[in-house]
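See structure below.
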Amino acid sequence: MVGAWLSDLYEKISELARRRGFFWPSYEIYGGVSGFYDWGPYGVLLKNRIVEKWRDYFVRRHQEYVVEIESPIVAPSIVFEASGHVEHFTDPIVTCLKCGRKFRADHLVEEALGVSVEGYSVEELNRIIREKDVRCPVDGGELGDVQVFNLLFKTQIGPYASDVGYLRPELAQGMFVAFKRVLEAMRGRLPLGIAQVGRVGRNEISPRQAMIRLREFTIMEMEYFIDPKDPHGSCPFFEEKSGVKMRILTYDMRVRGEEPQWFTLEEAVEDKVIIDRCLGYWMAVGQEFMESLGIPSQAMYFHEKGAHERAHYSSQTFDQMVKVSRWGWIEVAGHSYRGDYDLSRHMQYSKADLTVFKPYKEPRIVKSKRIVVNKSVLGRMFREKSLKLAEILQGLRPEDVEEQLRRQGCVLVEGFKVPGEAIEVIEVEEKVSGEKIVPHVVEPSYGVDRVVYVTIEYAYREKDGRVVLAFPRDIAPVQAVVLPLLENDDTLVREARLIYKDLVREGFTVLYDDSGSIGRRYARADEIGVPAAITVDYQTLEDGTVTLRDRDTWKQVRVDKTRIADALRMFLRGARLEDLGTPVGSSTQQP
RNA sequence: GCGGCGGUCGUCUAGCCUGGACUAGGACGCCGGCCUGCCAAGCCGGAGGUCCCGGGUUCAAAUCCCGGCCGCCGCACCA
């Protein structure tokens with residue numbers, strides 16, 4: 001019974017979503033294109049509130065260290081060459097000419113021949129397949145040529161075809177490329193979190209599962225830059241969350257066939273289940289963030305990826321999983337330890353200095369040797385060769401120069417003898433006040449569309465044959481509905497319109513509804529998850545109070561209309577209904 | 001991309017097998033009016049359909065055939 005209910009929960013939600021305007025497949029009037037979804041009016045409101053909640057948990061509460069930026073969707077190809085996506089986001093695929101099935105060419109060759117072909121080019125894979133006569137593992141059919149599937153959306157920047165651009169498949173590169181600027185703006189200190197919310201594109205081969213797997217979607221992501229040698233200083237808020245409990249399934253546990261286990265953050269880090277304090281901290285924040293959206297902690301766990309399952313940049317990754325009715329456990333976030341891979345690669349490709357200066361507590365005196373070239377002597381001796389020679393001499397190791405001078409009184413360079421009077425090695429004392437380090441990065445990255453979907457799924461209730469979306473009050477797309485008890489009484493209608501306008505002026509997202517019976521209107525509002533209903537009735541005309549109804553209990557209290565905005569604000573923050581006014585007797589069944 | 005199943009007002013669906021009387025019917029929802037003193041009540045009226053798209057067979061196609069698109073399931077894929 002429960003299974004049957006669960007299995008069509010997805011159907012019910014997509015039907016509701018289309019009917020009431022939460023989401024639907026894009027380009028419907030042209031037949032649709034898979035992998036693209038529109039968010040409708042209430043979907044956008046809900047999504048915005050969830051994004052705002054994420055900002056609150058990840059950015060605002062850590063504003064001393066975490067800032068948000070926005071960077072472009074399109075990047076020049078070099079960015080994704082540096083990031084490794086041009087190389088690694090590409091799969092070599094072969095098609096069986098007999099049955100049409102597609103396979104990863106490298107996997108097939110490795111399985112068939114038992115040798116590693118990692119890093120082989122398409123041509124090499126093709127040659128091996130022909131030489132060794134690798135065939136379709138299903139029906140033994142001959143294989144076609146190896147093709148390359150790159151999941152990056154490719155485009156062109158400006159009028160020249162040679163200016164290749166790509167749509168970003170993740171936000172991270174935007175933060176890495178802008179790292180130097182943001183660090184400067186944040187006065188050069190670590191730890192530094194750079195967050196971003198934005199659209200990305202991945203040209204999936206065959207996306208399905210509604211908005212669980214899309215070709216274009218929104219990510220909420222943070223790159224948290226730390227000094228790897230200072231695990232404690234990198235996570236100054238660790239203690240606040242050290243008791244947060246998370247269900248974790250490590251790779252080893254998975255191999256042994258075990259179930260996820262509960263760990264406090266502190267245990268997980270101490271037991272080395274999580275390799276880094278910051279990684280663990282942000283997982284704990286992520287756990288609380290998802291719980292604040294109404295996802296129970298039992299319906300979540302963190303799934304550690306094995307070495308071969310991880311992305312090319314990661315040394316540990318946990319997927320944050322949430323259970324949904326139709327597809328079982330799905331990934332809503334990835335929590336990765338990216339090390340210094342990305343910054344190092346961008347330093348290499350851009351030649352920019354992306355290091356962070358880490359001051360010592362006390363400046364250190366460092367003695368070092370330096371080569372001093374006497375250019376006037378050198379110039380007189382070697383004339384036009386002297387500039388070139390000076391450059392080479394400066395590049396030598398001081399110790400080697402010293403050694404040569406001591407042994408033979410001169411330095412041999414390019415076949416020339418440079419005598420002692422033209423070059424000497426001196427010892428200098430330098431005050432060094434710090435060192436340059438390449439920060440490591442911890443990355444929590446959320447797929448917004450999936451998060452919104454699971455939020456809807458966990459908010460879905462059926463009550464007396466009616467559908468209620470019981471969103472947590474503070475993320476409900478619409479916060480209140482204002483209703484005159486009867487639609488044909490001008491006095492009630494006028495009063496309700498005034499209250500509606502007042503609430504709009506106060507900054508709330510509010511509906512006004514006077515069409516149909518009061519019960520129908522409550523039901524309509526419940527269906528899109530409006531947490532509060534404010535009804536103007538005949539008592540309002542007498543004593544100026546209105547009723548405030550709780551979507552989840554259907555209980556009502558009377559509140560003075562002049563205080564309704566405050567009461568609503570408190571209600572949305574989680575105040576108990578009973579504390580906001582005087583109870584209305586069970587009014588539902590009165591004759 | 002392969003295989004299976006499916007696609008009809010906003011939504012859910014009847015009709016399809018067995019081609020024609022289908023001017024594609026119903027329910028819910030939506031809009032307007034009446035009624036209604038608190039949980040999808042009732043009455044009247046109304047709007048709303050490329051029967052997924054294209055081609056074919058036929059005197060005649062929502063219905064049969066082929067191709068495509070989209071969806072679901074399985075396989076493959078998912079840095």
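Values reported hereafter were calculated over all heavy atoms of this structure, with side chains retained and with hydrogens, waters and symmetry mates removed. Here is how names work: the chains are called A, B, and so on, in the same order as the sequence lines, proteins then strands, and each is numbered from 1.
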Practice task
Could you tell me which non-hydrogen atom of P477(A) sits nearest to which non-hydrogen atom of T509(A), and how far apart they are?
Solution key: O-CG2, 3.7 Å
Exercise for the section: Examine the base of rC77(B) for any acceptor or donor lying under 3.5 Å from a partner atom in the side chain of R213(A), and report the outcome as yes or no. Expected result: yes
Exercise for the section: Determine the interatomic distance between C1' on rG37(B) and the same-named atom on rC51(B); round to the nearest Å. Expected result: 46 Å
Problem - Shortest non-hydrogen contact between V442(A) and C278(A), atoms and distance - result: CG2-CB, 4.0 Å
Practice task
Please determine, by modelled atom types, if T250(A) and D252(A) share a side-chain donor-acceptor pair under 3.5 angstrom.
Solution key: no
Handout entry: Parallel, tilted or perpendicular: ring planes of W39(A) versus F23(A), cut at 30 and 60 degrees
Key = perpendicular
Handout entry: Euclidean distance, atom OH of residue Y27(A) to atom P of rU50(B) [Å, nearest integer]
Key = 21 Å
Practice task
Would you mind classifying the nucleic acid contact of N488(A) as base, sugar-phosphate or nothing, using non-hydrogen atoms under 4.0 angstrom?
Solution key: base
Fill in the blank from the handout: Taken to the nearest whole Å, CD1/I13(A) to P/rU11(B) is 17 Å
Problem - Whole-Å C1' distance, rU36(B) and rC53(B) - result: 48 Å
Practice task
Using atom CG of D513(A) as one end and atom C1' of rC38(B) as the other, report the distance to the nearest whole Å.
Solution key: 14 Å
Problem - Whole-Å P distance, rC38(B) and rG48(B) - result: 36 Å
Exercise for the section: Check every atom of rA40(B), rC30(B), rC38(B) against the side chain of A523(A) and return the nucleotide holding the closest atom. Expected result: rA40(B)
Handout entry: N or O in side chain of S515(A) less than 4.0 angstrom from rC31(B) OP1/OP2
Key = yes
Exercise for the section: Let me know which of Y224(A), Y446(A), F318(A) forms a ring pair (Phe, Tyr, Trp, His ring centres under 6.0 Å) with H335(A). Expected result: Y446(A)
Exercise for the section: For rC73(B), take OP1 and OP2 only and decide whether either is under 4.0 Å from a side-chain N or O of R326(A). Expected result: yes
Fill in the blank from the handout: Atom CZ of R549(A) and atom P of rA40(B) are separated, to the nearest Å, by 10 Å
Fill in the blank from the handout: R520(A) atom CZ is separated from rC43(B) atom C1', nearest whole Å, by 13 Å
Handout entry: C1' gap between rG15(B) and rA61(B), integer Å
Key = 14 Å
Handout entry: Spacing of R558(A) atom CZ relative to rC38(B) atom P, expressed in whole Å
Key = 13 Å
Handout entry: Sugar-phosphate, base or nothing in reach of E28(A), heavy atoms under 4.0 Å
Key = nothing
Practice task
Indicate, with a heavy-atom threshold strictly under 4.0 Å, whether R521(A) touches base, sugar-phosphate, or nothing.
Solution key: nothing
Practice task
Could you state the atom-to-atom distance from CG of D514(A) to P of rA40(B) in whole Å?
Solution key: 18 Å
Handout entry: N or O in side chain of R208(A) less than 4.0 angstrom from rC70(B) OP1/OP2
Key = no
Problem - Any residue meeting salt bridge (charged side-chain N to carboxylate O under 4.0 Å, His left out) with K305(A), in chain and number order, not counting sequence neighbours - result: D319(A)
Handout entry: Check: rC72(B) base within 3.5 Å donor-acceptor of E11(A) side chain
Key = no
Handout entry: Base-pairing mate for rC59(B) - Watson-Crick or G-U, with both contacts under 3.5 Å
Key = rG20(B)
Handout entry: rA14(B) and rC52(B), which share atom name P, separated by this distance in whole Å
Key = 14 Å
Practice task
Could you check whether Q209(A) gets within reach of a base, just the sugar-phosphate, or nothing at all, counting any heavy atom under 4.0 Å?
Solution key: sugar-phosphate
Practice task
Report yes if at least one side-chain N or O of R466(A) is closer than 4.0 Å to OP1 or OP2 of rC28(B); otherwise report no.
Solution key: no
Fill in the blank from the handout: Across every strand shown, the nucleotide meeting Watson-Crick or G-U wobble geometry with rC28(B) (both distances under 3.5 Å) is rG10(B)
Problem - Residue met sooner reading RNA chain B from 5', once E487(A) and G32(A) are mapped to nucleotides - result: E487(A)
Practice task
Determine the interatomic distance between P on rG55(B) and the same-named atom on rA60(B); round to the nearest Å.
Solution key: 15 Å
Handout entry: Touch class at under 4.0 angstrom, heavy-atom based, for L16(A) against every strand present
Key = nothing
Practice task
Please work out if A210(A) contacts a base, only the sugar-phosphate, or nothing of the nucleic acid, heavy-atom cut-off 4.0 Å.
Solution key: sugar-phosphate
Handout entry: rU50(B) and rC9(B), which share atom name P, separated by this distance in whole Å
Key = 8 Å
Exercise for the section: May I ask you to say what R310(A) touches in the nucleic acid, namely base, sugar-phosphate or nothing, with a heavy-atom cut-off under 4.0 Å? Expected result: nothing
Exercise for the section: Check whether any side-chain nitrogen or oxygen of S517(A) sits under 4.0 Å from OP1 or OP2 of rA41(B), and answer yes or no. Expected result: yes
Practice task
Quick one: look up who rC5(B) pairs with, Watson-Crick or G-U, both distances under 3.5 Å, and put none if it's unpaired.
Solution key: rG71(B)
Exercise for the section: Could you say whether G31(A) or R20(A) is positioned toward the 5' end of RNA chain B, judged by the nucleotide with the nearest heavy atom to each? Expected result: R20(A)
Fill in the blank from the handout: Paired with Q173(A), the side-chain hydrogen bond (donor to acceptor under 3.5 Å, both in side chains) test is passed by just one of H346(A), E223(A), R345(A), namely H346(A)
Practice task
Pick base, sugar-phosphate or nothing for E170(A), based on heavy-atom distances below 4.0 Å to the nucleic acid.
Solution key: nothing
Practice task
Identify which nucleotide among rU11(B), rC30(B), rC73(B) has an atom closest to any side-chain atom of W327(A), counting heavy atoms from C-beta outward.
Solution key: rC73(B)
Handout entry: Nucleotide of rC12(B), rC38(B), rA40(B) approaching R18(A) most closely (side-chain heavy atoms)
Key = rC12(B)
Exercise for the section: Pick base, sugar-phosphate or nothing for W24(A), based on heavy-atom distances below 4.0 Å to the nucleic acid. Expected result: nothing
Practice task
If rC34(B) has a Watson-Crick or G-U wobble mate with both distances under 3.5 Å, name it; if not, just say none.
Solution key: rG42(B)
Practice task
Quick one: label I518(A) by what it contacts on the DNA or RNA (base, sugar-phosphate, nothing), any heavy atom closer than 4.0 Å.
Solution key: sugar-phosphate
Exercise for the section: Please evaluate the base of rC38(B) for a donor-acceptor partner in the side chain of Y522(A) within a cut-off of under 3.5 Å? Expected result: yes
Practice task
Measure centre to centre between the rings of W554(A) and Y522(A), then say whether the value is under 6.0 Å.
Solution key: no
Practice task
For S314(A), answer base if it contacts any base atom (sugar-phosphate contacts may also be present), sugar-phosphate if it contacts only those atoms, and nothing otherwise; contact means non-hydrogen atoms under 4.0 Å.
Solution key: nothing
Exercise for the section: Scan S34(A) against the nucleic acid and name what it touches under 4.0 Å (heavy atoms): base, sugar-phosphate only, or nothing. Expected result: sugar-phosphate
Practice task
Rounded to whole angstrom, note down the C1' distance from rU11(B) over to rC30(B).
Solution key: 11 Å
Handout entry: Rounded distance in Å - CG (L486(A)) to P (rC38(B))
Key = 8 Å
Practice task
Applying side-chain hydrogen bond (donor to acceptor under 3.5 Å, both in side chains), run through T535(A) and D537(A) and close with a yes or a no.
Solution key: CA-CA 6 Å; T535(A) 306; D537(A) 59 12; over 6 Å; no
